[in-house]
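First the structure, in the form of C-alpha coordinates, and then the observations on it.
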Number of protein chains: 2
Amino acid sequence: MKSNDSIHQFDEAITLTYDDGVFTGKTSAPYANMVGPFGGVIAAQLLNAVMEHPKRQGEPISITINYAAPIKDGEFTIKATPARTNRSTQHWVIELSQDDDILATATAVTASRRETWSAPDLEAPTVPSPNQIPSLPTTGLPDWVSNYDIKLIRGFPDILAENPPENEDSETVQWIEDHPKRPLDALSLASMSDAFFPRVFIRRNKMLPASTVSLTIYFHADEATFANYGAQAVLGHARALRFYNGYFDQTAEMWSQDGKLLASSTQIVYYRD
Amino acid sequence: MKSNDSIHQFDEAITLTYDDGVFTGKTSAPYANMVGPFGGVIAAQLLNAVMEHPKRQGEPISITINYAAPIKDGEFTIKATPARTNRSTQHWVIELSQDDDILATATAVTASRRETWSAPDLEAPTVPSPNQIPSLPTTGLPDWVSNYDIKLIRGFPDILAENPPENEDSETVQWIEDHPKRPLDALSLASMSDAFFPRVFIRRNKMLPASTVSLTIYFHADEATFANYGAQAVLGHARALRFYNGYFDQTAEMWSQDGKLLASSTQIVYYRD
(Lines give C-alpha, C1' and ligand atoms only; values in the text may rest on other atoms or scores of the structure.)
Protein backbone atom coordinates (compact mmCIF):
# COMPACT_ATOMS: atom_id res chain seq x y z
CA MET A 1 0.00 0.00 0.00
CA LYS A 2 1.54 3.31 -1.09
CA SER A 3 0.32 6.77 -0.21
CA ASN A 4 -1.71 8.77 -2.69
CA ASP A 5 -0.06 11.44 -4.83
CA SER A 6 -0.96 14.36 -2.62
CA ILE A 7 0.92 13.31 0.49
CA HIS A 8 4.26 11.54 1.02
CA GLN A 9 3.86 8.21 2.82
CA PHE A 10 6.16 9.47 5.60
CA ASP A 11 3.90 12.45 6.26
CA GLU A 12 0.91 10.16 6.17
CA ALA A 13 2.60 7.82 8.68
CA ILE A 14 3.31 10.58 11.20
CA THR A 15 -0.05 12.38 10.89
CA LEU A 16 -1.64 12.99 14.29
CA THR A 17 -4.96 14.51 15.25
CA TYR A 18 -5.17 16.58 18.42
CA ASP A 19 -8.19 16.66 20.67
CA ASP A 20 -8.53 17.63 24.30
CA GLY A 21 -4.80 17.34 25.06
CA VAL A 22 -4.32 13.95 23.41
CA PHE A 23 -2.92 13.09 19.99
CA THR A 24 -4.23 10.13 18.02
CA GLY A 25 -2.21 8.44 15.30
CA LYS A 26 -2.16 5.09 13.61
CA THR A 27 0.45 2.57 12.57
CA SER A 28 1.53 2.73 8.94
CA ALA A 29 1.53 -0.41 6.77
CA PRO A 30 4.37 0.88 4.52
CA TYR A 31 6.63 1.27 7.57
CA ALA A 32 5.99 -2.16 9.11
CA ASN A 33 9.02 -3.92 10.59
CA MET A 34 9.47 -7.62 11.36
CA VAL A 35 7.53 -7.23 14.63
CA GLY A 36 5.44 -4.06 14.93
CA PRO A 37 6.28 -0.74 13.27
CA PHE A 38 9.76 0.51 12.27
CA GLY A 39 11.25 2.28 15.33
CA GLY A 40 12.37 5.30 13.31
CA VAL A 41 8.78 6.16 12.43
CA ILE A 42 7.71 5.67 16.05
CA ALA A 43 10.44 8.16 17.00
CA ALA A 44 9.11 10.60 14.38
CA GLN A 45 5.52 10.12 15.59
CA LEU A 46 6.55 10.88 19.19
CA LEU A 47 8.59 13.91 18.11
CA ASN A 48 5.70 15.09 15.93
CA ALA A 49 3.44 15.21 19.00
CA VAL A 50 5.86 17.80 20.41
CA MET A 51 6.13 19.66 17.10
CA GLU A 52 2.33 19.85 16.73
CA HIS A 53 1.69 20.69 20.39
CA PRO A 54 0.05 24.13 20.81
CA LYS A 55 2.46 24.99 23.66
CA ARG A 56 5.68 24.02 21.88
CA GLN A 57 8.50 26.58 21.88
CA GLY A 58 11.71 26.26 19.89
CA GLU A 59 13.15 23.53 17.72
CA PRO A 60 14.17 19.96 18.60
CA ILE A 61 17.50 19.68 20.41
CA SER A 62 17.20 16.11 21.74
CA ILE A 63 14.80 13.22 22.01
CA THR A 64 15.06 9.89 23.83
CA ILE A 65 12.58 7.16 22.93
CA ASN A 66 12.11 4.02 25.04
CA TYR A 67 10.47 1.15 23.16
CA ALA A 68 8.63 -0.58 26.00
CA ALA A 69 6.54 -3.11 24.07
CA PRO A 70 5.43 -3.83 20.47
CA ILE A 71 2.76 -1.55 19.07
CA LYS A 72 -0.15 -3.43 17.50
CA ASP A 73 -1.49 -2.47 14.07
CA GLY A 74 -4.07 0.26 14.40
CA GLU A 75 -4.68 3.45 16.38
CA PHE A 76 -2.62 4.72 19.28
CA THR A 77 -2.68 7.82 21.46
CA ILE A 78 0.22 10.08 22.41
CA LYS A 79 0.29 12.42 25.38
CA ALA A 80 3.00 15.10 25.23
CA THR A 81 3.43 17.29 28.30
CA PRO A 82 5.70 20.32 28.67
CA ALA A 83 7.15 19.42 32.10
CA ARG A 84 9.17 22.63 32.26
CA THR A 85 9.30 25.74 30.10
CA ASN A 86 12.30 28.02 30.55
CA ARG A 87 13.21 31.19 28.69
CA SER A 88 14.97 29.37 25.86
CA THR A 89 14.45 25.63 26.54
CA GLN A 90 11.41 23.43 27.01
CA HIS A 91 11.41 19.91 28.49
CA TRP A 92 8.87 17.37 27.28
CA VAL A 93 7.57 14.09 28.71
CA ILE A 94 5.78 11.90 26.17
CA GLU A 95 4.00 8.57 26.25
CA LEU A 96 2.38 6.40 23.60
CA SER A 97 -0.46 4.04 24.56
CA GLN A 98 -2.91 1.55 23.12
CA ASP A 99 -5.89 0.58 25.30
CA ASP A 100 -4.30 2.28 28.33
CA ASP A 101 -1.11 0.20 28.01
CA ILE A 102 2.01 2.36 27.79
CA LEU A 103 4.04 1.00 24.86
CA ALA A 104 6.62 3.76 24.48
CA THR A 105 7.90 6.59 26.65
CA ALA A 106 10.02 9.53 25.58
CA THR A 107 11.53 12.78 26.74
CA ALA A 108 12.52 15.63 24.47
CA VAL A 109 14.05 19.08 24.67
CA THR A 110 13.16 21.94 22.35
CA ALA A 111 15.06 25.22 22.38
CA SER A 112 15.53 28.54 20.63
CA ARG A 113 19.06 28.64 19.29
CA ARG A 114 21.02 31.81 18.76
CA GLU A 115 24.07 32.39 16.65
CA THR A 116 27.28 31.93 18.59
CA TRP A 117 30.80 30.46 18.22
CA SER A 118 30.37 27.13 16.44
CA ALA A 119 32.79 24.47 15.22
CA PRO A 120 32.97 20.85 14.15
CA ASP A 121 35.06 18.55 16.37
CA LEU A 122 34.80 15.38 14.28
CA GLU A 123 35.40 15.10 10.55
CA ALA A 124 32.95 13.47 8.17
CA PRO A 125 34.05 10.14 6.66
CA THR A 126 35.49 10.39 3.15
CA VAL A 127 33.16 8.45 0.86
CA PRO A 128 32.06 8.22 -2.78
CA SER A 129 29.09 10.40 -3.72
CA PRO A 130 25.65 8.76 -3.72
CA ASN A 131 25.40 8.68 -7.55
CA GLN A 132 28.46 6.39 -7.68
CA ILE A 133 26.79 3.68 -5.58
CA PRO A 134 23.94 1.31 -6.49
CA SER A 135 20.77 1.33 -4.39
CA LEU A 136 20.27 -1.52 -1.92
CA PRO A 137 17.73 -4.00 -3.31
CA THR A 138 14.86 -4.25 -0.82
CA THR A 139 13.60 -7.72 -1.76
CA GLY A 140 13.38 -9.93 1.30
CA LEU A 141 13.91 -7.02 3.69
CA PRO A 142 11.24 -5.66 6.06
CA ASP A 143 8.60 -3.41 4.45
CA TRP A 144 9.92 -0.14 5.92
CA VAL A 145 13.17 -0.40 3.97
CA SER A 146 11.32 0.20 0.66
CA ASN A 147 10.54 3.74 1.85
CA TYR A 148 14.23 4.59 1.69
CA ASP A 149 16.85 4.67 -1.01
CA ILE A 150 19.88 3.25 0.82
CA LYS A 151 23.32 3.16 -0.81
CA LEU A 152 25.66 1.00 1.20
CA ILE A 153 29.32 1.92 1.25
CA ARG A 154 30.33 -0.51 3.99
CA GLY A 155 28.79 -2.94 6.45
CA PHE A 156 25.80 -5.06 5.54
CA PRO A 157 25.18 -8.72 6.38
CA ASP A 158 25.89 -11.21 3.62
CA ILE A 159 22.28 -12.39 3.73
CA LEU A 160 22.49 -14.63 0.68
CA ALA A 161 25.62 -16.57 1.75
CA GLU A 162 25.44 -19.78 3.76
CA ASN A 163 27.39 -19.55 7.03
CA PRO A 164 29.46 -16.51 6.04
CA PRO A 165 32.35 -15.67 8.38
CA GLU A 166 31.85 -13.09 11.13
CA ASN A 167 32.93 -9.54 10.32
CA GLU A 168 35.79 -7.92 12.23
CA ASP A 169 33.66 -5.00 13.29
CA SER A 170 30.11 -3.73 13.13
CA GLU A 171 30.65 -0.50 11.22
CA THR A 172 28.20 0.66 8.54
CA VAL A 173 28.49 3.65 6.24
CA GLN A 174 25.50 4.40 4.00
CA TRP A 175 23.79 7.15 2.06
CA ILE A 176 20.08 7.34 2.78
CA GLU A 177 17.17 9.38 1.48
CA ASP A 178 13.39 9.08 1.40
CA HIS A 179 11.98 7.16 -1.56
CA PRO A 180 10.24 8.95 -3.17
CA LYS A 181 12.30 12.02 -2.28
CA ARG A 182 11.05 14.33 0.47
CA PRO A 183 12.72 17.48 1.84
CA LEU A 184 14.70 16.62 5.00
CA ASP A 185 13.39 17.87 8.35
CA ALA A 186 13.91 16.96 12.01
CA LEU A 187 11.18 14.32 11.77
CA SER A 188 12.63 12.45 8.80
CA LEU A 189 16.16 12.86 10.15
CA ALA A 190 15.01 11.25 13.43
CA SER A 191 13.56 8.35 11.49
CA MET A 192 16.68 7.93 9.31
CA SER A 193 18.82 7.89 12.48
CA ASP A 194 17.22 4.53 13.27
CA ALA A 195 17.43 3.19 9.70
CA PHE A 196 20.56 1.10 10.27
CA PHE A 197 20.30 -2.66 10.50
CA PRO A 198 21.08 -3.91 14.02
CA ARG A 199 24.87 -3.94 14.60
CA VAL A 200 24.74 -7.59 15.63
CA PHE A 201 23.63 -8.47 12.06
CA ILE A 202 26.76 -6.78 10.67
CA ARG A 203 29.23 -8.13 13.18
CA ARG A 204 27.94 -11.70 13.10
CA ASN A 205 27.06 -11.53 9.41
CA LYS A 206 23.59 -12.98 9.90
CA MET A 207 20.10 -12.02 11.02
CA LEU A 208 19.32 -12.57 14.70
CA PRO A 209 16.49 -11.44 16.99
CA ALA A 210 17.28 -7.84 17.98
CA SER A 211 15.20 -4.83 18.99
CA THR A 212 15.97 -1.31 20.09
CA VAL A 213 15.21 -0.65 23.75
CA SER A 214 16.16 3.04 23.95
CA LEU A 215 17.20 5.57 21.29
CA THR A 216 18.59 9.07 21.81
CA ILE A 217 19.00 11.63 19.03
CA TYR A 218 20.69 15.05 19.26
CA PHE A 219 20.02 17.58 16.52
CA HIS A 220 22.74 19.82 15.11
CA ALA A 221 20.45 21.09 12.36
CA ASP A 222 17.81 23.75 12.62
CA GLU A 223 15.06 25.12 10.38
CA ALA A 224 17.54 27.17 8.33
CA THR A 225 19.70 24.07 7.80
CA PHE A 226 16.73 22.03 6.62
CA ALA A 227 15.36 24.82 4.40
CA ASN A 228 18.71 24.92 2.57
CA TYR A 229 19.15 21.17 2.43
CA GLY A 230 16.10 20.09 0.48
CA ALA A 231 15.82 16.42 -0.42
CA GLN A 232 19.52 15.52 -0.70
CA ALA A 233 20.72 12.18 0.65
CA VAL A 234 22.26 12.04 4.14
CA LEU A 235 25.41 10.07 5.04
CA GLY A 236 24.88 7.69 7.96
CA HIS A 237 27.73 6.15 9.94
CA ALA A 238 27.03 3.60 12.70
CA ARG A 239 29.05 1.27 14.91
CA ALA A 240 28.61 -0.75 18.09
CA LEU A 241 30.94 -0.29 21.02
CA ARG A 242 30.25 -3.50 22.96
CA PHE A 243 27.94 -6.53 22.81
CA TYR A 244 27.45 -7.80 26.36
CA ASN A 245 25.04 -10.49 27.55
CA GLY A 246 21.94 -9.49 25.63
CA TYR A 247 22.45 -5.74 25.05
CA PHE A 248 24.68 -3.78 22.70
CA ASP A 249 25.00 -0.09 22.05
CA GLN A 250 25.12 1.68 18.68
CA THR A 251 26.47 5.17 18.09
CA ALA A 252 25.61 6.86 14.81
CA GLU A 253 26.25 10.13 13.04
CA MET A 254 24.21 11.64 10.22
CA TRP A 255 26.19 13.92 7.88
CA SER A 256 25.18 16.41 5.20
CA GLN A 257 26.62 16.14 1.70
CA ASP A 258 28.93 19.06 2.47
CA GLY A 259 30.33 17.31 5.55
CA LYS A 260 28.34 18.92 8.36
CA LEU A 261 27.07 16.81 11.26
CA LEU A 262 23.26 17.05 11.19
CA ALA A 263 22.53 14.68 14.09
CA SER A 264 24.28 12.26 16.41
CA SER A 265 22.50 9.36 18.02
CA THR A 266 22.98 6.40 20.29
CA GLN A 267 20.83 3.40 21.03
CA ILE A 268 20.85 0.33 23.24
CA VAL A 269 19.56 -2.82 21.62
CA TYR A 270 18.42 -6.16 22.98
CA TYR A 271 19.75 -9.18 21.08
CA ARG A 272 19.56 -12.95 21.32
CA ASP A 273 21.94 -15.50 19.95
CA MET B 1 31.84 19.57 55.03
CA LYS B 2 32.91 15.93 54.73
CA SER B 3 30.89 12.86 55.63
CA ASN B 4 31.46 11.03 58.89
CA ASP B 5 33.58 7.87 59.00
CA SER B 6 30.71 5.41 58.83
CA ILE B 7 29.36 6.35 55.42
CA HIS B 8 31.06 7.48 52.19
CA GLN B 9 30.01 10.99 51.18
CA PHE B 10 28.72 9.61 47.85
CA ASP B 11 26.38 7.20 49.64
CA GLU B 12 25.31 10.02 51.90
CA ALA B 13 24.63 12.23 48.86
CA ILE B 14 22.40 9.66 47.15
CA THR B 15 20.49 8.53 50.26
CA LEU B 16 16.72 8.60 49.72
CA THR B 17 13.86 7.87 52.07
CA TYR B 18 10.73 6.22 50.68
CA ASP B 19 7.28 6.97 51.91
CA ASP B 20 3.91 6.45 50.23
CA GLY B 21 5.35 6.09 46.73
CA VAL B 22 7.61 9.13 46.89
CA PHE B 23 11.34 9.35 47.57
CA THR B 24 12.82 12.29 49.46
CA GLY B 25 16.48 13.24 49.16
CA LYS B 26 18.53 16.34 49.70
CA THR B 27 21.29 18.17 47.89
CA SER B 28 24.81 17.44 49.07
CA ALA B 29 27.20 20.27 49.95
CA PRO B 30 30.32 18.23 49.04
CA TYR B 31 28.96 17.72 45.50
CA ALA B 32 28.04 21.35 44.79
CA ASN B 33 28.79 22.62 41.29
CA MET B 34 29.12 26.22 40.10
CA VAL B 35 25.32 26.55 39.90
CA GLY B 36 23.32 23.91 41.78
CA PRO B 37 24.49 20.33 42.37
CA PHE B 38 26.94 18.34 40.19
CA GLY B 39 24.89 16.64 37.46
CA GLY B 40 26.55 13.25 38.00
CA VAL B 41 25.19 13.03 41.51
CA ILE B 42 21.73 14.11 40.30
CA ALA B 43 21.92 11.22 37.79
CA ALA B 44 22.88 8.85 40.61
CA GLN B 45 20.06 10.12 42.83
CA LEU B 46 17.51 9.56 40.04
CA LEU B 47 18.90 6.11 39.29
CA ASN B 48 18.91 5.29 43.00
CA ALA B 49 15.15 5.94 43.14
CA VAL B 50 14.79 3.08 40.64
CA MET B 51 17.28 0.86 42.47
CA GLU B 52 15.51 1.38 45.81
CA HIS B 53 12.00 1.07 44.38
CA PRO B 54 10.11 -1.92 45.83
CA LYS B 55 8.88 -2.93 42.35
CA ARG B 56 12.28 -2.80 40.60
CA GLN B 57 13.29 -5.85 38.57
CA GLY B 58 16.70 -6.38 37.02
CA GLU B 59 19.78 -4.20 36.76
CA PRO B 60 20.30 -0.84 35.06
CA ILE B 61 20.66 -1.01 31.27
CA SER B 62 20.11 2.65 30.42
CA ILE B 63 19.16 5.97 31.92
CA THR B 64 18.46 9.36 30.35
CA ILE B 65 18.40 12.41 32.59
CA ASN B 66 17.04 15.78 31.47
CA TYR B 67 18.26 18.70 33.56
CA ALA B 68 15.28 21.04 33.30
CA ALA B 69 16.23 23.73 35.84
CA PRO B 70 18.73 24.29 38.68
CA ILE B 71 18.02 22.42 41.92
CA LYS B 72 18.11 24.66 45.00
CA ASP B 73 20.02 23.62 48.11
CA GLY B 74 17.81 21.49 50.35
CA GLU B 75 15.24 18.71 50.06
CA PHE B 76 13.73 17.38 46.84
CA THR B 77 11.30 14.59 45.99
CA ILE B 78 11.63 11.92 43.33
CA LYS B 79 8.77 9.94 41.82
CA ALA B 80 9.85 6.78 39.99
CA THR B 81 7.12 4.88 38.15
CA PRO B 82 7.44 1.52 36.38
CA ALA B 83 5.56 2.47 33.19
CA ARG B 84 5.89 -1.03 31.78
CA THR B 85 7.14 -4.32 33.21
CA ASN B 86 7.92 -7.09 30.72
CA ARG B 87 9.32 -10.53 31.34
CA SER B 88 12.94 -9.40 31.32
CA THR B 89 12.83 -5.60 30.96
CA GLN B 90 11.25 -2.80 32.95
CA HIS B 91 10.71 0.78 31.77
CA TRP B 92 10.85 3.65 34.27
CA VAL B 93 9.64 7.23 34.19
CA ILE B 94 11.17 9.46 36.85
CA GLU B 95 10.81 13.07 37.92
CA LEU B 96 12.53 15.22 40.51
CA SER B 97 10.68 18.16 42.06
CA GLN B 98 11.03 20.92 44.61
CA ASP B 99 7.85 22.69 45.72
CA ASP B 100 5.87 21.03 42.89
CA ASP B 101 8.25 22.41 40.25
CA ILE B 102 9.69 19.67 38.03
CA LEU B 103 13.45 20.29 37.88
CA ALA B 104 14.61 17.05 36.26
CA THR B 105 12.96 14.28 34.28
CA ALA B 106 14.40 10.88 33.46
CA THR B 107 13.62 7.53 31.90
CA ALA B 108 15.46 4.32 32.67
CA VAL B 109 15.44 0.68 31.65
CA THR B 110 16.31 -2.17 33.99
CA ALA B 111 16.66 -5.75 32.76
CA SER B 112 17.70 -9.24 33.70
CA ARG B 113 20.68 -10.19 31.58
CA ARG B 114 21.55 -13.72 30.59
CA GLU B 115 24.80 -15.09 29.34
CA THR B 116 25.02 -15.08 25.56
CA TRP B 117 27.49 -14.37 22.73
CA SER B 118 29.38 -11.23 23.72
CA ALA B 119 32.20 -9.25 22.15
CA PRO B 120 33.89 -5.85 22.23
CA ASP B 121 33.64 -3.78 19.04
CA LEU B 122 35.85 -0.85 20.08
CA GLU B 123 39.29 -1.08 21.67
CA ALA B 124 40.23 0.75 24.83
CA PRO B 125 42.71 3.61 24.42
CA THR B 126 46.33 2.72 25.26
CA VAL B 127 47.34 4.83 28.25
CA PRO B 128 49.77 4.90 31.18
CA SER B 129 48.53 3.24 34.38
CA PRO B 130 46.99 5.51 37.04
CA ASN B 131 50.01 5.26 39.37
CA GLN B 132 52.20 6.88 36.69
CA ILE B 133 50.12 10.07 36.60
CA PRO B 134 49.79 12.84 39.19
CA SER B 135 46.36 13.65 40.60
CA LEU B 136 44.62 16.79 39.32
CA PRO B 137 44.88 19.55 41.95
CA THR B 138 41.36 20.61 42.89
CA THR B 139 42.13 24.14 44.09
CA GLY B 140 39.94 26.67 42.31
CA LEU B 141 37.68 23.98 40.84
CA PRO B 142 34.03 23.42 41.83
CA ASP B 143 33.49 21.57 45.15
CA TRP B 144 32.35 18.26 43.57
CA VAL B 145 35.77 17.69 41.98
CA SER B 146 37.36 17.11 45.43
CA ASN B 147 35.27 13.93 45.77
CA TYR B 148 37.23 12.37 42.90
CA ASP B 149 40.82 11.51 42.28
CA ILE B 150 41.22 12.50 38.62
CA LYS B 151 44.43 11.75 36.71
CA LEU B 152 44.48 13.61 33.44
CA ILE B 153 46.21 12.01 30.50
CA ARG B 154 44.99 14.45 27.88
CA GLY B 155 42.61 17.37 27.52
CA PHE B 156 42.18 19.92 30.25
CA PRO B 157 41.86 23.70 29.88
CA ASP B 158 44.98 25.71 30.61
CA ILE B 159 43.19 27.59 33.38
CA LEU B 160 46.25 29.43 34.68
CA ALA B 161 47.43 30.80 31.33
CA GLU B 162 46.32 34.18 30.01
CA ASN B 163 44.63 33.91 26.59
CA PRO B 164 45.96 30.44 25.77
CA PRO B 165 45.42 29.31 22.15
CA GLU B 166 42.39 27.15 21.30
CA ASN B 167 42.94 23.40 21.24
CA GLU B 168 42.61 21.47 17.99
CA ASP B 169 40.02 19.14 19.45
CA SER B 170 37.98 18.58 22.58
CA GLU B 171 39.22 15.13 23.56
CA THR B 172 39.88 14.20 27.19
CA VAL B 173 41.34 10.96 28.56
CA GLN B 174 41.43 10.59 32.35
CA TRP B 175 41.55 8.05 35.13
CA ILE B 176 38.92 8.67 37.78
CA GLU B 177 38.03 7.11 41.12
CA ASP B 178 36.13 8.14 44.22
CA HIS B 179 38.19 9.98 46.85
CA PRO B 180 38.23 8.39 49.36
CA LYS B 181 38.01 5.10 47.49
CA ARG B 182 34.61 3.38 47.21
CA PRO B 183 33.76 0.12 45.39
CA LEU B 184 32.41 0.90 41.91
CA ASP B 185 28.71 0.28 41.22
CA ALA B 186 26.16 1.45 38.65
CA LEU B 187 25.41 4.54 40.76
CA SER B 188 29.00 5.75 41.05
CA LEU B 189 29.70 4.81 37.42
CA ALA B 190 26.71 6.95 36.37
CA SER B 191 28.09 9.87 38.34
CA MET B 192 31.64 9.44 36.96
CA SER B 193 30.19 9.38 33.42
CA ASP B 194 29.34 13.05 33.94
CA ALA B 195 32.65 13.95 35.63
CA PHE B 196 34.26 15.43 32.54
CA PHE B 197 34.67 19.17 32.22
CA PRO B 198 32.45 20.60 29.47
CA ARG B 199 34.01 19.96 26.06
CA VAL B 200 33.81 23.65 25.19
CA PHE B 201 36.32 24.34 28.01
CA ILE B 202 38.80 21.95 26.40
CA ARG B 203 38.32 23.05 22.83
CA ARG B 204 38.42 26.78 23.55
CA ASN B 205 40.92 26.38 26.38
CA LYS B 206 38.94 28.54 28.77
CA MET B 207 35.97 28.39 31.11
CA LEU B 208 32.63 29.47 29.62
CA PRO B 209 29.02 29.17 30.77
CA ALA B 210 27.94 25.59 29.95
CA SER B 211 25.40 23.19 31.42
CA THR B 212 24.21 19.71 30.52
CA VAL B 213 20.67 19.61 29.16
CA SER B 214 20.29 15.84 28.67
CA LEU B 215 22.55 12.90 29.58
CA THR B 216 22.18 9.26 28.49
CA ILE B 217 24.19 6.39 29.99
CA TYR B 218 24.24 2.75 28.82
CA PHE B 219 25.63 0.12 31.17
CA HIS B 220 27.82 -2.75 29.97
CA ALA B 221 28.58 -3.82 33.52
CA ASP B 222 26.43 -5.88 35.84
CA GLU B 223 26.53 -6.91 39.51
CA ALA B 224 29.14 -9.60 38.82
CA THR B 225 31.34 -7.05 37.02
CA PHE B 226 31.11 -4.61 39.92
CA ALA B 227 31.66 -7.30 42.57
CA ASN B 228 34.94 -8.25 40.87
CA TYR B 229 36.03 -4.69 40.20
CA GLY B 230 36.18 -3.23 43.67
CA ALA B 231 37.50 0.30 44.04
CA GLN B 232 39.88 0.43 41.06
CA ALA B 233 40.07 3.59 38.96
CA VAL B 234 38.08 3.80 35.71
CA LEU B 235 39.40 5.21 32.42
CA GLY B 236 37.19 7.92 30.97
CA HIS B 237 37.40 9.07 27.35
CA ALA B 238 35.28 11.99 26.11
CA ARG B 239 34.99 14.10 23.00
CA ALA B 240 32.54 16.48 21.34
CA LEU B 241 31.30 15.89 17.82
CA ARG B 242 29.94 19.34 16.97
CA PHE B 243 29.42 22.71 18.63
CA TYR B 244 26.51 24.45 16.92
CA ASN B 245 24.77 27.67 17.93
CA GLY B 246 24.48 27.08 21.67
CA TYR B 247 24.50 23.28 21.96
CA PHE B 248 27.24 20.68 21.65
CA ASP B 249 27.20 16.94 22.16
CA GLN B 250 29.70 14.85 24.13
CA THR B 251 30.21 11.12 23.71
CA ALA B 252 32.13 9.30 26.43
CA GLU B 253 33.30 5.80 27.24
CA MET B 254 34.20 4.42 30.68
CA TRP B 255 36.75 1.58 30.58
CA SER B 256 37.92 -0.92 33.17
CA GLN B 257 41.62 -1.31 33.94
CA ASP B 258 41.65 -4.52 31.91
CA GLY B 259 40.22 -2.78 28.85
CA LYS B 260 36.51 -3.66 29.06
CA LEU B 261 33.87 -1.07 28.25
CA LEU B 262 31.84 -0.56 31.45
CA ALA B 263 29.54 2.20 30.19
CA SER B 264 29.04 4.46 27.19
CA SER B 265 27.34 7.81 27.44
CA THR B 266 26.31 10.83 25.46
CA GLN B 267 25.14 14.25 26.50
CA ILE B 268 23.93 17.47 24.94
CA VAL B 269 25.19 20.64 26.57
CA TYR B 270 24.11 24.26 26.39
CA TYR B 271 26.96 26.75 26.05
CA ARG B 272 27.40 30.49 25.69
CA ASP B 273 30.32 32.37 24.25
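Hydrogens, waters and symmetry mates are skipped; everything else that's a heavy atom, side chains included, is used. Within every chain, numbering begins at 1; the chains are lettered A, B, ... in the order of the sequence lines, protein sequences first and strands thereafter.
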At a heavy-atom distance under 4.5 Å, which candidate from [options] has the highest pair count against chain A?
options: B:Val213, B:Asp249, B:Thr89; answer: B:Asp249
options: B:Tyr247, B:Tyr271, B:Phe243; answer: B:Phe243
options: B:Ser88, B:Pro120, B:Gly246; answer: B:Pro120
options: B:Glu168, B:Glu123, B:Lys260; answer: B:Lys260
options: B:His220, B:Arg84, B:Arg239, B:Glu253; answer: B:His220
options: B:Asp101, B:Ile268, B:Asp273; answer: B:Ile268

Using non-hydrogen atoms and a 4.5 Å limit, figure out which bit of [X] sits close to chain A: side chain, backbone, both or neither.
X: B:Thr266; result: both
X: B:Gln250; result: neither
X: B:Ser170; result: both
X: B:Thr216; result: both
X: B:Arg199; result: neither
X: B:Arg203; result: side chain

Distance, nearest 0.5 Å, that separates [atom1] of [X] from [atom2] of [Y]:
X: A:Asn245; Y: B:Ser112; atom1: CG; atom2: OG; value: 12.0 Å
X: A:Ser265; Y: A:Ile63; atom1: OG; atom2: CD1; value: 12.0 Å
X: B:Phe201; Y: B:Leu208; atom1: CZ; atom2: CG; value: 6.5 Å

Could you tell me whether the side chain of [X] and the main chain of [Y] form a donor-acceptor pair under 3.5 Å?
X: B:Asp158; Y: B:Asn205; value: no
X: A:Gln98; Y: A:Lys72; value: yes
X: A:Glu59; Y: A:Glu223; value: yes
X: A:Arg154; Y: A:Val173; value: no
X: B:Thr172; Y: B:Gly155; value: yes

Task: Side chain / backbone / both / neither for A:Ser214 at chain B, heavy atoms under 4.5 Å - done: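 For A:Ser214, the contact with chain B is made by backbone and side chain together.
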Looking at [options], which has the largest count of heavy-atom pairs under 4.5 Å with chain B?
options: A:Glu115, A:Arg204, A:Arg114, A:Arg272; answer: A:Arg204
options: A:Thr116, A:Leu241, A:Thr251; answer: A:Leu241
options: A:Arg113, A:Glu171, A:Gln90, A:Glu95; answer: A:Arg113
options: A:Asn86, A:Thr107, A:Thr105, A:Asp121; answer: A:Asp121

Open item on the list: Atom CG of residue position A:Asp258 - does it have more than 12 heavy atoms of other residues, nucleotides or ligands inside 6.0 Å?
Closed with: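 Yes, CG of A:Asp258 has more than 12 neighbouring heavy atoms, counting only those of other groups under 6.0 Å.
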Open item on the list: Under a 3.5 Å threshold, yes or no: a donor from one side chain and an acceptor from the other, between A:Thr225 and A:Asp222?
Closed with: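 There is such a pair (donor and acceptor under 3.5 Å, judged by atom type) between the side chains of A:Thr225 and A:Asp222.
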Task: A:Val200 vs B:Trp117, side chain to side chain contact (heavy atoms under 4.5 Å, CB included): CA-CA, chis, key distance, verdict - done: CA-CA 10 Å; A:Val200 72; B:Trp117 175 88; 4.0 Å; yes
